[in-house]
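Data first, discussion second: the structure below is written as structure tokens.
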Amino acid sequence: MKKLFIHNTLSNQKQEFQPINAGKAGMYVCGVTVYDRCHLGHARAVVFFDVVYRFLQELGYEVTYVRNFTDIDDKIIKRANEQNIHWRQLTEKYIDKFYQDFNALNIKKPSFAPKATDHMEDIISAVSVLIQKGFAYEKNGDVYYRVRKFEGYGKLSGRSIDDLQAGARIEIKDVKDDPFDFALWKKSKEDEPFWNSPWGKGRPGWHIECSAMSSKYLGNHFDIHGGGHDLIFPHHENEIAQSEAISGGKFVNYWVHNGFVTVNKEKMSKSTGNFFALEDIYKEYEPRILRLFLISRHYRVPLDYSTDLLDESKKAWARVENCVRRIEDALHSAKNIAVKKNSEVDEEIYQLFIEYMCDDFNTARAVSLIFDLVTKMNQKFMINKIDKKLVDYLFTLRKMCDVLGLEIQSSGTNSVALTDVSSYKYNETELDGLLAKDKLAIEDIRKLVLLRGVARKNKDFNQADKIRDKLSALNITLRDMKDQTEIIEL
RNA sequence: GGCGGCGUACCCAAGUGGUAAGGGAGAGGUCUGCAAAACCUUUAUUCAUCGGUUCAAUUCCGAUCGCCGCCUCCA
């Protein structure tokens with residue numbers, strides 16, 4: 001197995017990945033709080049960790065991937081009240097939307113996608129243990145974590161409690177022993193959702209559900225924990241404090257955080273209002289284009305969003321799809337089927353791909369290999385048509401795209417050989433009939449292209465262009481090649 | 001105030017102690033009735049600025065300038 005290096009937020013350096021259990025990898029990624037539509041920022045995180053998931057599997061690891069939903073918190077309650085609906089109605093709606101948005105982005109299903117509200121017992125028992133061990137205390141139905149009791153507090157985010165104090169912007173609550181103590185359990189107010197607990201009716205604080213759910217599905221100590229950069233503090237810092245206080249041992253070996261999506265260089269977020277919802281972007285751009293865009297930059301640096309850049313991705317991907325479409329169309333002919341069956345990976349290219357990805361998931365570099373390969377394939381196709389090597393290239397290309405989750409849309413193509421044209425009998429009545437039709441069957445389209453071929457041969461370009469215009473109006477593009485005409489349906 | 005990141009061609013963006021991947025755009029060409037696609041050539045003596053270390057730095061160190069993030073909910 002190739003050595004994988006991962007940038008670990010905990011040590012702030014790249015480290016070789018050494019799983020706790022040989023051949024296995026446990027990964028927990030903080031999902032979303034479901035009170036609104038998902039935006040590009042969420043997409044970057046979800047797509048990136050989807051790539052990590054796929055790549056670990058490609059390396060041969062048996063991966064247990066957990067990505068949670070936080071489906072109870074203040075924002076949810078507030079939003080539900082505003083809309084005058086039950087909070088569960090709200091969270092269910094946005095969980096459905098989450099899947100809609102992300103299925104479109106070709107996200108693989110994680111091993112588990114737990115919801116906080118399905119794990120109240122686990123949460124309550126985690127809080128109980130923290131109280132027993134003296135890391136937490138109850139005050140009027142709230143339970144708080146005693147931050148100063150946990151020695152390593154700040155080790156992930158590189159800060160100390162005293163530094164925090166210097167620029168403190170947090171409200172002082174008299175009930176807490178220390179202003180930095182955070183809530184594990186919140187007493188519910190009237191008309192708020194609640195669960196019964198040893199401390200009365202209430203709901204969990206923000207961080208505890210991740211500690212509870214990760215240990216439930218992955219154990220107290222697991223390999224990788226991920227999320228957006230903004231979760232480092234306080235969310236992940238607090239998770240460490242909770243989980244390590246409970247278990248008494250190490251919580252997570254590798255902390256992985258992705259950078260933000262920005263707009264005009266500024267962070268995209270719901271609070272500032274400068275966010276783009278996925279479903280809105282899908283109106284203009286196909287999800288696979290967005291996916292390419294999202295992985296075209298290294299995951300840890302900010303990614304600035306603009307439609308110009310999406311346009312660039314769109315054009316770039318069209319080149320890949322044109323190439324694959326053309327070659328696969330040629331492969332449909334019977335004599336090439338045997339070649340296709342024996343296709344194998346081009347090791348030289350593929351090993352390079354693995355090497356780049358092993359260097360802290362360098363998707364930008366990996367993607368460049370796809371474009372290099374496309375150029376190679378086009379060159380080869382131009383000269384030799386189909387041969388074994390070309391088919392291997394195609395196989396390799398598809399494999400790399402698969403690991404990255406990039407979809408190649410190569411269907412809807414067809415070509416008409418110009419050799420067929422010479423034998424085709426020109427029939428004006430037939431042509432007029434076809435031109436008058438509103439909807440054309442595949443055979444009709446092929447016939448039209450043949451008729452156009454005849455027209456071109458006779459140098460009747462008016463007629464030829466008329467046919468092309470007709471097809472173009474039906475979203476069918478024609479490309480005249482040397483010995484054939486490509487038919488591309490959009 | 002504390003902690004962290006970034007600054008590479010017209011734009012986006014990799015990368016390395018030995019002299020700059022890839023994509024988009026531009027220019028020229030091949031092909032072509034035209035169009036489109038594809039291919040070829042071309043576009044950074046230079047990697048924010050200034051110092052230092054080194055035989056050699058864009059890559060290491062220091063300073064300066066600029067941009068951004070976290071320290072409050074946030075992917």
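Order of the sequence lines sets the chain letters (A, B, ...), proteins ahead of strands, with each chain counted from 1.
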Original post:
Relative to each other, are the rings of Phe69(A) and Phe98(A) parallel, tilted or perpendicular (30° and 60° limits)?
Top reply: perpendicular
**OP:** Please round to the nearest 0.5 Å and tell me the distance separating atom CG of Asp392(A) and atom NZ of Lys399(A).
**Re:** 12.5 Å
**OP:** Give one of base, sugar-phosphate or nothing for Thr477(A), where a contact means two heavy atoms less than 4.0 Å apart.
**Re:** nothing
Original post:
Base, sugar-phosphate alone, or nothing: which one does Ile232(A) contact when heavy atoms must sit under 4.0 Å apart?
Top reply: nothing
**OP:** Nearest-nucleotide wise, let me know which of Asn264(A) and Arg159(A) is further upstream toward the 5' end of RNA chain B.
**Re:** Asn264(A)
Original post:
Which value, in whole Å, describes the distance between the P atoms of nucleotides U41(B) and G22(B)?
Top reply: 11 Å
**OP:** Measure distances between side-chain N and O atoms of Asp480(A) and base N and O atoms of C34(B), and say whether any donor-acceptor pair falls under 3.5 Å.
**Re:** yes
Original post:
Using 30° and 60° as the class limits, which term best fits the ring planes of His236(A) and His257(A): parallel, tilted or perpendicular?
Top reply: tilted
**OP:** Tell me what Phe371(A) touches on the nucleic acid: a base, only sugar-phosphate, or nothing, going by heavy atoms under 4.0 Å.
**Re:** sugar-phosphate
**OP:** For C12(B) versus C47(B), give the span between their C1' atoms, rounded off to a whole number of Å.
**Re:** 16 Å
**OP:** Please work out which of the three classes, parallel, tilted or perpendicular, describes the rings of Phe150(A) and Tyr145(A), given edges at 30° and 60°.
**Re:** perpendicular
Subject >> ring-ring contact (aromatic ring centres under 6.0 Å, His included) evaluation trace for Tyr35(A) with Tyr94(A) >> reply: CA-CA 6 Å; Tyr35(A) 72 103; Tyr94(A) 285 114; 7.8 Å; no
**OP:** Could you tell me whether the phosphate oxygens of A14(B), OP1 or OP2, come under 4.0 Å of any side-chain nitrogen or oxygen in Asn362(A)?
**Re:** no
Original post:
So which one's nearest nucleotide on RNA chain B is more toward 5', Arg456(A) or Asp308(A)?
Top reply: Asp308(A)
Subject >> C1' atoms of A36(B) and U30(B), separation to the nearest Å >> reply: 15 Å
Original post:
Is the shortest side-chain N/O distance from Lys315(A) to OP1 or OP2 of A25(B) below 4.0 Å?
Top reply: yes
**OP:** State whether Asn258(A) places a side-chain N or O below 4.0 Å from either non-bridging phosphate oxygen (OP1 or OP2) of A75(B).
**Re:** no
**OP:** Could you tell me whether Arg67(A) sits above the aromatic face of Phe49(A), with NZ or CZ closer than 6.0 angstrom to the six-membered ring centre and within 45 degrees of the axis?
**Re:** no
Original post:
Should the ring pair His235(A) and His207(A) be called parallel, tilted or perpendicular, given that the plane angle runs from 0 to 90° and is split at 30 and 60?
Top reply: tilted
Original post:
Less than 4.0 Å between a side-chain N and a carboxylate O, is that true for Asp465(A) and Arg452(A)?
Top reply: no
Subject >> Heavy-atom side-chain contact between Gln15(A) and His7(A) under 4.5 Å >> reply: no
Original post:
So Tyr28(A) and His225(A), would you call those rings parallel, tilted or perpendicular, with 30° and 60° as cut-offs?
Top reply: tilted
Original post:
Roughly how far, to the nearest 0.5 Å, is the CZ atom of Arg365(A) from the NE2 atom of His298(A)?
Top reply: 12.0 Å
**OP:** Would you jot down, in residue-number order, the residues of residues 297-306 of chain A having a non-hydrogen atom under 4.0 Å from RNA chain B?
**Re:** Arg297(A), His298(A), Val301(A)
Subject >> Bracket string, RNA chain B, 5' to 3' - pairs by Watson-Crick or G-U geometry under 3.5 Å, | interstrand >> reply: (((((((..(((.........)))((((((.......))))))....(((((.......))))))))))))....
**OP:** Give me the residues of residues 32-49 of chain A where at least one heavy atom lies under 4.0 Å from an atom of RNA chain B, by number, or none.
**Re:** Val32(A), His39(A), Gly41(A), His42(A), Ala45(A)
**OP:** Consider the side chain of Arg326(A), meaning its heavy atoms from C-beta on, and name the nucleotide among A38(B), C73(B), C40(B) that approaches it most closely.
**Re:** A38(B)
Subject >> Polar side chain donor-acceptor pair, Asn238(A) to Tyr153(A), under 3.5 angstrom >> reply: yes
Subject >> Contacts of Glu407(A) that satisfy salt bridge (charged side-chain N to carboxylate O under 4.0 Å, His left out) - sequence neighbours left out >> reply: none
Original post:
If we take the C1' atom in both A25(B) and U59(B), what is their distance in whole Å?
Top reply: 29 Å
Subject >> Heavy-atom pair of closest approach, residues Ile327(A) and Phe381(A) >> reply: CG1-CD1, 3.8 Å
Original post:
Which nucleotide, A36(B), A14(B), G33(B), lies nearest any side-chain atom of Arg452(A)?
Top reply: G33(B)
Original post:
Between G18(B) and C68(B), how far is it from one C1' atom to the other, in whole Å?
Top reply: 33 Å
Original post:
Under 4.0 Å between a side-chain N or O of Lys457(A) and OP1 or OP2 of G33(B)?
Top reply: no
Subject >> Nearest-angstrom distance, P atom, C3(B) to U42(B) >> reply: 49 Å
**OP:** Could you tell me whether Thr375(A) contacts a base, only the sugar-phosphate backbone, or nothing, with contacts defined as non-hydrogen atoms closer than 4.0 Å?
**Re:** sugar-phosphate
Original post:
By side chain to side chain donor-acceptor pair (under 3.5 Å), which residues pair with Asp50(A), not counting sequence neighbours?
Top reply: Arg54(A), Arg291(A)
Original post:
Among residues 461-468 of chain A, which contact RNA chain B at a heavy-atom distance under 4.0 Å?
Top reply: Phe461(A), Asp465(A), Arg468(A)
**OP:** Look at all strands and tell whether Gly31(A) reaches a base, only sugar-phosphate, or nothing, counting heavy atoms closer than 4.0 Å.
**Re:** sugar-phosphate
Original post:
Under 4.0 Å between a side-chain N/O of Arg319(A) and OP1 or OP2 of G23(B), yes or no?
Top reply: yes
Original post:
Which whole number of Å gives the distance between the C1' atom of A44(B) and that of A13(B)?
Top reply: 14 Å
